[in-house]
Chemist: 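Got a structure for you, written out below as structure tokens; questions coming shortly.
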Amino acid sequence: MAATVNLSSTPSNPIFKLPSFSLNSPQKTSFSLFPNSSSFPCKPFSHSLTSQFITSSKNPISDLFPPNKSGPEGDIVSSFSDDDDKPREECGVVGIFGDPEASRLCYLALYALQHRGQEGAGIVAVNNNVLQTVTGVGLVSEVFNESNLDQLPGEMAIGHVRYSTAGSSMLKNVQPFVAGYRFGSVGVAHNGNLVNYRALRAMLEDNGSIFNTSSDTEVVLHLIAISKARPFLLRIVDACEKLEGAYSMVFVTGDKLVAVRDPYGFRPLVMGRRSNGAIVFASETCALDLIEATYEREVYPGEVLVVDKKDRVQSLCLMPHPEPKQCIFEHIYFALPNSLVFGRSVYESRRVFGEILATEAPVDCDVVIAVPDSGVVAALGYAAKAGVPFQQGLIRSHYVGRTFIEPLQKIRDFGVKLKLSPVRGVLEGKRVVVVDDSIVRGTTSSKIVRLIKEAGAKEIHMRIASPPIIGSCYYGVDTPSAEELISNRMSVEEIRKFIGCDSLAFLPFDSLKKMLSTDSPKFCYACFSGKYPIMPKEAKVKGVGDSMDDGLNTPLASIDGHWIKGPPNFDLEKEIDPLYQQSKI
């Protein structure tokens, strides 16, 4: 199940002087949490920014791609199970420098990030300038054991947990990736999606590059290899300046650990420090907590942080952007409640979401319950504000595997019943408010409503702790096509009838932005508004590369990183630009 690879690395190259910080003694920095280009503590290498195209419409996605018209996703192969109808975070990353047990700490940190990806995991460790790798398909507990962790000595390591789409998770696509080039070896772990991946891959292949995977991350390694810049740090800068989209990445060489975040800061990446001075980077602070590292700050949007064996942390501005566009769904669903993400408590955000729902969509009820686990904190907030008791009306089984054998005599809603069990004593004869984090296609919600009705509930009132999702994400989240999103096709009342509840209310979009206050412009709301900070130039197909076969017999358009060309004569920017001009935003 796991593969091990040893690759030699190059000795470190000298680096020009940049702001530095001691590894051995914790030191507070004076950086602001959301720097603009003028306050960022380094000189940028480039100021080129991607043009923004913004739509203004009651339902922008429906306007662009109505149900009877093929949109940029075309006829996609859906990766969503009816019984698991939630957006999915693609990845989680971790990097550790300066600890003799770096790989084991990396392994524990990946446990803490398991919710961000369950299909594959890997660790690259560095020992005596040699990069050693263990990767495998499955959960962290299934990939790693005492024996293969012993093969990963050294004081520096990076790790990755991967969520792949439906179908087999090919081992060759499990990160971190390691590649050798003329100056040594480099490993990379990436969280995000590159919206110009296909164009970059085509350019590289035209120039002779050979690709081994269907992942957009491999493009980054090729760009580093062909770069003429010196030293290695500038190779990373040179490569990243060609990337468009979302990327929070950690790199490792024979003597350096590098953390990079895209200029918009779509996906989170934080920095911490252990008591022995070891530096830790991770997708969420929950990983820092588990390995007893103290949270220091975020890796800022557009920042490159380099940790080397000279006991220096050096900061460089890749490409500053005056206004980050951080993923709001980290606070709604993806991140663990005990994490700090984008400088905010996830628990507190979700609790306030519930309070807003109780204030703006009140209803007479006897009990408030949550769809576990992601709806629990919002439900607590709703119950406290409404003055109604919160109880566990649905019990989630945490021991259900990813596959199971269904009996020959079909059981209705079998998948949901296997994962969620209603508590009749809590629900019977009661007017029940059910709080969930989101509705994607509506299939799971309708089954949950049936479960609660069958348990004897008198009334069922659904409260959703996010605005309606009308647009697919292009920045590292696996969402269905716009045509599959129920809020893109139906009004709230139509959705209510579809799922079968007595009332339905979503978190109002304006109230969400008001709650975020001055930080509101710093978040990406594309899935709620259809306004994309970076317009996708390539249409996205979810999971085709993984679900078809091993990539040997499928046409290239189907396998290279889940991206294909849009319909003939279709130009996404031309479709959206008139709406942008009309909106005058």
Side-chain angles (χ1 to χ4, degrees), residues 33-34 54-61 86-87 89 264-268 323-337 339-363 368 370-371 374-386 433-440 445 461-473 475 477 479 482 485-488 491-492 495 503-533 583 585:
L33 184 58
F34 298 106
I54 305 176
T55 64
S56 178
S57 170
K58 181 179 180 181
N59 195 336
I61 305 300
K86 293 291 180 186
E89 176 59 73
Y264 286 85
F266 286 110
R267 310 251 64 84
E323 194 169 71
K325 292 297 178 185
Q326 301 155 141
C327 176
I328 188 60
F329 244 90
E330 293 286 349
H331 279 266
I332 290 170
Y333 177 69
F334 297 133
L336 286 186
S339 285
L340 285 173
V341 174
F342 310 135
R344 285 177 169 266
S345 164
V346 175
Y347 186 99
E348 186 63 17
S349 293
R350 293 178 187 172
R351 184 187 64 80
V352 175
F353 295 161
E355 289 184 350
I356 293 172
L357 281 169
T359 301
E360 302 204 17
V363 66
V368 176
V371 176
S374 53
V376 170
V377 180
L380 288 169
Y382 188 103
K385 191 71 173 180
V433 166
V434 183
V435 181
D436 201 358
D437 61 272
S438 60
I439 294 180
V440 180
S445 297
H461 304 278
M462 292 289 293
R463 295 295 180 265
I464 309 302
S466 70
I469 301 172
I470 65 167
S472 186
C473 179
Y475 311 128
V477 178
T479 50
L485 297 169
I486 193 169
S487 292
N488 187 48
S491 66
V492 174
I495 298 171
S503 73
L504 170 66
F506 291 84
L507 180 70
F509 188 21
D510 290 340
S511 298
L512 169 62
K513 293 194 288 186
K514 183 178 179 181
M515 170 258 180
L516 294 170
S517 187
T518 55
D519 284 342
S520 176
K522 300 165 186 172
F523 283 89
C524 174
Y525 308 105
C527 53
F528 305 139
S529 66
K531 300 177 182 178
Y532 291 90
S583 68
I585 293 178

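Given the structure is predicted, the values throughout are model-derived calculations rather than measurements.
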Chemist: Please check: side-chain N/O of R344 versus main-chain N/O of L516, any donor-acceptor pairing under 3.5 Å?
Modeler: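 Yes, the answer is positive, given that a donor and an acceptor are paired below the 3.5 Å cut-off.
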Chemist: Side chain of K531, backbone of C524: donor and acceptor closer than 3.5 Å?
Modeler: no
Chemist: Are F523 and F342 close enough that some pair of their side-chain heavy atoms sits under 4.5 Å apart?
Modeler: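 Side-chain contact under 4.5 Å: yes.
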Chemist: Would you say Y382's side chain and A465's backbone share a donor-acceptor pair under 3.5 angstrom?
Modeler: no
Chemist: We want to know whether S466 and S438 form a side-chain donor-acceptor pair, criterion being a heavy-atom distance below 3.5 angstrom.
Modeler: no
Chemist: Looking at R350 and E348, is any side-chain nitrogen of the basic one under 4.0 Å from a carboxylate oxygen of the acidic one?
Modeler: no
Chemist: Answer yes or no: is there a side-chain heavy-atom contact under 4.5 Å between P468 and F528?
Modeler: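 P468 does not reach F528 side chain to side chain.
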Chemist: Between S349 and S345, is there a donor-acceptor pair closer than 3.5 Å when you use the side chain of the first and the backbone of the second?
Modeler: yes
Chemist: Assign the ring pair F334 / F329 to parallel, tilted or perpendicular, where the plane angle (0 to 90°) is split at 30° and 60°.
Modeler: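 Ring orientation of F334 relative to F329: tilted.
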Chemist: Tell me if a side-chain donor or acceptor on E355 pairs with a main-chain N or O of K385 at a distance below 3.5 Å.
Modeler: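 Checking the backbone N and O of K385 against the side chain of E355, no donor-acceptor pair under 3.5 Å is found.
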Chemist: Does any N or O in the side chain of D437 come within less than 3.5 Å of the main-chain N or O of I332, such that one atom is a donor and the other an acceptor?
Modeler: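 No, because the side chain of D437 does not come within donor-acceptor range (under 3.5 Å) of the backbone of I332.
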Chemist: Begin with the C-alpha distance, continue with both residues' side-chain angles, and end with the deciding distance and a verdict on side chain to side chain contact (heavy atoms under 4.5 Å, CB included) for I469 and T479.
Modeler: CA-CA 10 Å; I469 301 172; T479 50; 5.6 Å; no
Chemist: In Å and rounded to the nearest 0.5 Å, what is the CD1 to CD1 distance from I439 to I486?
Modeler: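 It comes to 7.0 Å.
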